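From a predicted model like this one, the values you see are computed outputs, not experimental measurements. When a ligand or atom number is given, it counts from 1 through the structure's own listing order.
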Amino acid sequence: MKDTVTIVTGASQGIGKTIAEFIAEKGGDVAIFDIADGTDVVEGIRAQGQRAEFYHVDVTDFRAVEVAINTVVKDMGKVTGLVNNAGITNDKLLIRMKEEEWDKVIHVNLKSAFNCTRAAVKHMLRTGGAIVNISSISGVMGNAGQANYAASKAGLIGFTKSVAKEYGERGIRVNAVAPGFIRTKMTDALSEKTQEDMLKAIPLKRFGETTSVAHAVYFLLSEYGNYITGEVINVNGGLHM
Ligand code: NAP
């Protein structure tokens with residue numbers, strides 16, 4: 001990842017934080033976009049000798065994202081990588097789901113990827129680049145109670161393939177990673193019973209770690225993935241294959 005600058009959204013905690021730290025461990029510079037404070041993450045990365053900056057950005061805000069990405073280019077010289085990781089859930093059965101609960105999840109999980117990718121690609125047209133969208137097993141196989149979330153995550157897969165086709169000839173690769181059950185704040189909130197049921201159904205009989213996702217993202221961003229575009233890598237312990 002030498003001489004790369006990668007924006008990771010939602011990287012103040014959870015999966016995004018581990019992705020940002022792993023990119024830095026591999027020699028890449030990192031810009032974090034989050035509404036939660038990411039200064040600790042940035043300081044940790046700097047202490048290990050890599051460049052890192054935190055930008056307080058709501059990724060649903062089209063203009064704010066454009067300004068922030070231009071600022072990254074001013075501050076760090078370029079943008080060669082983007083990981084669209086920021087995401088939320090708001091689970092409800094469809095008939096109980098309010099319009100604003102649908103809209104918010106679609107905005108944070110899907111529109112954000114449009115906002116960030118559109119602004120980043122403009123810069124990558126000069127340098128080439130690699131983009132990874134964090135989808136979900138719910139977007140691949142559907143999940144009762146997650147119509148909004150699954151739709152946003154399935155939408156990311158169609159978005160990934162379309163942008164991969166548009167910008168392949170400009171040296172920009174676009175892929176997705178679809179995690180299954182990964183130990184984070186998001187999954188700790190699930191009931192013990194749900195967690196036990198999930199474990200029974202996972203062939204590897206364990207939940208994933210944030211590093212499981214970070215390693216797949218790194219593979220796709222780095223030279224190891226240099227002939228892969230428009231692909232979705234499942235990181236789910238075999239829960240769906
Ligand atoms: P997380 O711990 O909740 O981290 C997500 C980060 O995104 C938080 O810092 C959050 O800030 C931030 N964020 C939320 N809305 C934002 C906005 N509008 N603009 C900027 N940042 C925003 O989540 P995670 O579990 O690491 O999940 C990361 C990604 O992986 C998500 O896209 C998720 O859907 C996907 N995923 C996770 C799992 C899993 O098992 N955990 C499985 C499949 C897919 P706040 O805390 O202030 O909201």
Side-chain angles (χ1 to χ4, degrees), residues 7-22 31-42 54-69 82-91 100-101 103-117 119 131-143 146 148-157 159-160 176-190 194-195 198-199 201-202 204 206-217 232-237 239-240:
I7 296 169
V8 187
T9 71
S12 293
Q13 56 195 312
I15 292 172
K17 174 175 183 267
T18 307
I19 291 170
E21 289 171 345
F22 195 64
I32 292 176
F33 286 9
D34 206 309
I35 48 171
D37 186 19
T39 46
D40 280 2
V41 183
V42 157
F54 171 67
Y55 302 86
H56 188 274
V57 191
D58 178 346
V59 289
T60 65
D61 184 334
F62 181 83
R63 291 279 162 237
V65 165
E66 202 169 38
V67 169
I69 290 186
L82 169 66
V83 183
N84 287 309
N85 165 79
I88 58 167
T89 53
N90 195 335
D91 301 350
E100 56 270 26
E101 291 167 339
D103 288 346
K104 177 93 193 273
V105 169
I106 298 290
H107 275 110
V108 176
N109 297 1
L110 182 58
K111 189 190 176 215
S112 62
F114 164 72
N115 292 345
C116 296
T117 306
I131 299 168
V132 178
N133 297 315
I134 306 300
S135 178
S136 165
I137 190 170
S138 298
V140 177
M141 61 185 280
N143 195 19
Q146 288 197 314
N148 50 0
Y149 183 76
S152 71
K153 294 298 184 177
L156 275 179
I157 293 173
F159 178 74
T160 298
V177 169
F181 193 107
I182 308 296
R183 284 210 172 281
T184 60
K185 174 186 94 175
M186 192 180 263
T187 46
D188 285 347
L190 298 172
T194 307
Q195 295 198 27
M198 296 291 283
L199 203 50
I202 298 171
L204 289 182
R206 56 188 165 86
F207 302 132
E209 303 298 332
T210 55
T211 48
S212 320
V213 180
H215 294 166
V217 171
V232 183
I233 296 189
N234 292 306
V235 179
N236 63 25
L239 181 56
H240 176 77

Shortest protein heavy-atom distance from [atom], along with the residue and atom involved:
atom: atom 30 (O) of ligand 1; result: I134 CG2, 3.4 Å
atom: atom 40 (O) of ligand 1; result: I182 N, 2.9 Å
atom: atom 22 (C) of ligand 1; result: I35 CG1, 3.5 Å
atom: atom 23 (O) of ligand 1; result: M186 CE, 4.0 Å
atom: atom 19 (N) of ligand 1; result: V59 N, 3.0 Å
atom: atom 31 (C) of ligand 1; result: N85 O, 3.1 Å
atom: atom 26 (O) of ligand 1; result: I15 N, 2.8 Å
atom: atom 45 (P) of ligand 1; result: Q13 NE2, 4.0 Å

Quiz item: Can you check whether V213 reaches T18 side chain to side chain, under 4.5 Å on heavy atoms?
Solution: no
Quiz item: Is there side-chain contact between Q195 and R183, with at least one heavy-atom pair below 4.5 Å?
Solution: yes
Regarding ligand 1, does [X] bring an N or O atom to under 3.5 Å of one of the ligand's N or O atoms?
X: D34; value: yes
X: S135; value: no
X: G16; value: no

Quiz item: With under 30° as parallel and over 60° as perpendicular, where do the rings of F114 and F62 fit, or are they tilted in between?
Solution: parallel
Quiz item: Hey, what do you get for NZ (K17) to CG (N85), rounding to the nearest 0.5 Å?
Solution: 13.0 Å
Quiz prompt | NE2-CG distance between H107 and N148, expressed to the nearest 0.5 angstrom | solution = 13.0 Å
Using a strict 4.0 Å cut-off to heavy atoms of [X], name the atoms of ligand 1 that fall inside it.
X: A36; answer: 9 (O), 11 (O), 47 (O)
X: K153; answer: 31 (C), 32 (O), 33 (C), 34 (O)
X: D58; answer: 17 (C), 18 (N), 19 (N)
X: V57; answer: 19 (N), 20 (C)
X: V108; answer: 15 (N)
X: S136; answer: 43 (C), 44 (C)
X: G14; answer: 2 (O), 26 (O)

Has [X] got any heavy atom lying under 4.0 angstrom from an atom of ligand 1?
X: T9; answer: no
X: K17; answer: no
X: Y149; answer: yes
X: A11; answer: no

Exercise. Please test N133 against T160 for side-chain hydrogen bond (donor to acceptor under 3.5 Å, both in side chains), starting from the C-alpha separation and ending with a verdict.
Key: CA-CA 7 Å; N133 297 315; T160 298; 2.9 Å; yes
Practice problem: May I ask you to decide if Q146's main-chain N or O and N143's side chain share a donor-acceptor pair within less than 3.5 Å? | Solution: no
Quiz item: Any sub-3.5 Å donor-acceptor pair from T9's side-chain atoms to A86's backbone N or O?
Solution: yes
Exercise. Count the heavy atoms of every other residue, nucleotide or ligand shown that sit under 6.0 Å from NZ of K111, and state whether that count exceeds 12.
Key: yes
Self-check item: For the student: nearest non-hydrogen atoms of A150 and G142, plus distance
Solution: CB-CA, 4.4 Å
Quiz prompt | Where T184 and I15 come nearest, the two heavy atoms and their spacing | solution = CG2-CG1, 3.8 Å
Quiz prompt | Residue pair N84 / S112, side-chain donor-acceptor N/O under 3.5 Å | solution = no
Practice problem: With heavy atoms under 4.0 Å as the rule, classify the contact between T184 and ligand 1 as side chain, backbone, both or neither. | Solution: side chain
